Protein chains: 2
Amino acid sequence: MKIAIKTANNVKEINSENCQQPCLIERGMRVLGGKWKASILWHLKDGPVRFNELSRMLGGASKKMVDQRLKELEAQGLVTREVICDRPIAVAYEITDFGRTALDILEKLKDWTEDNGL
Amino acid sequence: MKIAIKTANNVKEINSENCQQPCLIERGMRVLGGKWKASILWHLKDGPVRFNELSRMLGGASKKMVDQRLKELEAQGLVTREVICDRPIAVAYEITDFGRTALDILEKLKDWTEDNGL
DNA sequence: TAGAGTGGTTACTAAAAGTATACTGGTTGC
DNA sequence: GCAACCAGTATACTTTTAGTAACCACTCTA
């Protein structure tokens, strides 16, 4: 739907569209957009990574943050948690097939950031 | 770099990579990832939109939020603000060419969200 | 036996994000 | 005159998120 706006000496048409509420972009961002979430997913793309290692990769994210984000990502089915050894405890986080479907987006995001020197 | 992890009865190799700090994914997310920012950009893709109209499109975002996000997006060169009429005041926000380069990512995000019923 | 590493949890604080309401100062329409 | 619209601004408030630091139980290495 177009709406006309009368200005001093011309008429300008402005586009108006309704958005599904809450809109798809926003809903997607709620899954991938949290701080560290996309990064975590990205760092799991080459294979399973252990908890403390992941913390280091993220360079500065606290254990609490990494823990919280991993739990969210696990609950949403994007990563899985696997205990690979009981004593000493060793846990590996792995991206799921569903999680991999999001890597396309992250790849584009990475390229975009890189190309624009952000 | 691969690191070997000894488990009860096998050895598992785990991938370890260093991340540029702060990594590209995270940096990109700081530009597009704030609440409403991606949505705003998306809603500008079909042409300029006025302030209050944008608020309504976002369905629930307060004026303060919309205002803040628009200012951020403007400062980052993703949108422009144009006064199209002084009396009565009418302002239109428009996506820039640079802003358009991010729409690819958002398109993918939208499709992903849709395909996965999120 | 001390120190470092594993994968967390808990408690606390600081900062950011978001909501709600009212206000300005102008215009348009009834 | 009154209400509703425009594009914001201001203020106050609550909620959420982020981050620090200490702690747990366990193991491995020097």
Side-chain angles (χ1 to χ4, degrees), chain A residues 3-9 11-12 14 16 21-22 26 29-40 44 48-75 79-94, chain B residues 3-8 11-12 14 16 21-22 26 29-30 32-40 44 48-75 79-94:
Chain A
I3 57 163
I5 295 181
K6 285 171 287 250
T7 63
N9 44 17
V11 172
K12 201 154 182 169
I14 281 192
S16 155
Q21 281 137 34
E26 210 53 41
M29 272 299 179
R30 271 170 218 174
V31 179
L32 298 177
K35 198 170 180 184
W36 304 119
K37 270 176 111 177
S39 289
I40 289 176
L44 295 181
V49 179
R50 292 176 62 175
F51 181 83
N52 281 332
E53 202 188 353
L54 200 51
S55 292
R56 284 191 296 268
M57 280 173 166
L58 298 173
S62 67
K63 286 176 156 205
K64 186 189 153 196
M65 277 298 101
V66 180
D67 189 51
Q68 266 178 16
R69 296 306 166 210
L70 280 171
K71 278 186 178 141
E72 274 176 52
L73 289 167
E74 206 191 340
V79 310
T80 51
R81 178 182 182 274
E82 192 197 353
V83 176
I84 52 178
C85 177
D86 256 349
R87 253 173 312 263
I89 187 150
V91 178
Y93 289 90
E94 196 164 4
Chain B
I3 57 161
I5 294 182
K6 284 170 289 244
T7 63
V11 171
K12 201 155 183 169
I14 281 190
S16 157
Q21 280 135 37
E26 210 53 41
M29 273 297 179
R30 270 170 220 175
L32 298 177
K35 199 170 180 184
W36 305 118
K37 269 175 112 176
S39 289
I40 288 176
L44 295 181
V49 178
R50 294 176 60 175
F51 183 83
N52 279 333
E53 202 189 351
L54 199 52
S55 292
R56 284 191 297 268
M57 280 173 166
L58 298 174
S62 67
K63 287 177 155 204
K64 187 187 158 196
M65 277 299 101
V66 179
D67 189 52
Q68 266 178 19
R69 295 309 166 209
L70 280 171
K71 280 187 176 138
E72 275 177 50
L73 289 166
E74 205 191 341
V79 310
T80 51
R81 178 183 184 276
E82 191 199 352
V83 177
I84 52 177
C85 177
D86 255 350
R87 253 174 309 266
I89 186 151
V91 178
Y93 289 90
E94 195 164 4

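Naming: A, B, ... by sequence-line order, numbering from 1 per chain. Because the structure is predicted, anything quoted here is derived from the model rather than measured.
Axis orientation changes by 0° from one end of the helix from C:dT1-D:dA30 to C:dC30-D:dG1 to the other, with each end axis drawn from 5 pairs and the value rounded to 10°.
Nearest approach of A:A38 to B:M29, heavy atoms of both residues: CB-CE, 3.8 Å. Looking at every heavy atom in both residues, A:L44 comes nearest to A:E94 through CD1-C, 4.3 Å.
In this structure, B:E82 atom CD and D:dA7 atom C1' are separated by 15 Å, rounded to whole Å. Look at CG on A:L70: it is 11 Å from P on C:dG7, rounded to the nearest Å. Counting to the nearest Å, the C1' atom of D:dC24 and the CG atom of A:D67 are 14 Å from each other.
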- [ ] Start with the C-alpha distance between A:E53 and A:R56, add both sets of side-chain angles, then the distance that settles salt bridge (Lys or Arg N to Asp or Glu O under 4.0 Å), and finish with yes or no.
- [x] CA-CA 5 Å; A:E53 202 188 353; A:R56 284 191 296 268; 5.7 Å; no
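For A:N52, there are no side chain to side chain donor-acceptor pair (under 3.5 Å) partners at least two apart in sequence or on another chain. Judged as a side chain to side chain contact (heavy atoms under 4.5 Å, CB included), and not counting sequence neighbours, the contacts of B:K64 are B:S62, B:Q68. Applying the side chain to side chain donor-acceptor pair (under 3.5 Å) test to A:K71 and every residue at least two apart in sequence or in another chain returns A:D67.
A:L70 has its side chain within reach of A:F51: a pair of non-hydrogen atoms, C-beta onward, lies under 4.5 Å apart. For the pair A:K37/A:L32, no side-chain contact is recorded, criterion being any heavy-atom separation below 4.5 Å from C-beta on.
A:E26 places a side-chain N or O within 3.5 Å of a backbone atom of B:W36 that can act as its donor or acceptor partner.
Contact annotation: B:R81 side-chain N/O to D:dA7 OP1/OP2 distance is not under 4.0 Å.
The NZ atom of A:K63 sits 14.0 Å away from the CG atom of A:L58 when rounded to the nearest 0.5 Å.
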TODO: Mark up nucleotides 1-6 of chain C, 5' to 3', with B wherever a protein heavy atom is under 4.0 angstrom from a base atom, S wherever such an atom reaches only the sugar-phosphate, and - elsewhere.
DONE: -----B
Would you list the protein and nucleotides 16-18 of chain C atom pairs, both N or O, that sit under 3.5 Å from each other?
from, atom 1, to, atom 2, distance (Å)
C:dG18, OP2, B:R69, NH2, 3.0
C:dG18, O6, B:K64, NZ, 3.3

